[in-house]
Amino acid sequence: MEQYVRQLVIVALCAAQKESGGKESRGPISKKRNKHLQTVLVEAAKLAPHWNPQLAEIHERELRKGNKNRATLAVARKLVAYMLAVEKSKKDFEVTAPYQAA
């Protein structure tokens with residue numbers, strides 16, 4: 001079951017990758033994905049910066065580069081990293097820093 005959950009989470013935000021001549025580039029999100037899981041992750045990523053200062057920092061850093069959608073995807077990928085770390089450690093997620101709504 002855990003392996004299945006991990007695969008679903010990773011596939012939801014997988015970017016298409018192209019590699020040629022030693023150069024690697026990322027394209028848009030791959031069409032081979034779980035659309036429902038992707039929708040949930042993206043919606044959570046839109047709200048998360050309001051509640052978590054670390055995610056807000058990631059969102060702001062990406063926004064300064066000029067693309068709102070990439071900022072949301074960066075936060076979604078960080079949420080996936082958090083979920084995978086919690087799943088791997090087999091412990092409940094605990095907020096280490098106090099947070100306040102923006």
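Throughout, residue positions are numbered sequentially from 1 according to the sequence presented.
Every residue was checked against the side-chain hydrogen bond (donor to acceptor under 3.5 Å, both in side chains) condition with Glu60, not counting sequence neighbours, and none meets it. Residues passing the side-chain contact (heavy atoms from CB on, under 4.5 Å) test with Asn69 are Asn67, sequence neighbours excluded.
We find the CZ-CG distance between Arg77 and Leu41 to be 11.0 Å, quoted to the nearest 0.5 Å. Taken from NZ in Lys78 to CD in Glu57, the straight-line distance is 10.5 Å, to the nearest 0.5 Å. Atom CD1 of Ile58 is separated from atom CG of Leu79 by 8.5 Å, given to the nearest 0.5 angstrom. Between the NE2 atom of His50 and the CG atom of Leu55 there is a distance of 11.5 Å, given to the nearest 0.5 Å.
At least one side-chain heavy atom of Val80 sits less than 4.5 Å from a side-chain heavy atom of Met83. Residues Val86 and Lys91 form no side-chain contact, since every pair of their non-hydrogen atoms from C-beta on lies 4.5 Å or further apart. Annotation: side chain of Val40 is not in contact with side chain of His36 (no heavy-atom distance under 4.5 Å).
Annotation for Ala56 and Pro49: closest pair CB-O, 3.3 Å, computed over non-hydrogen atoms. For the pair Val75 and Ala45, the tightest heavy-atom approach, listed with the atom from each and the gap, is CG1-O, 3.6 Å.
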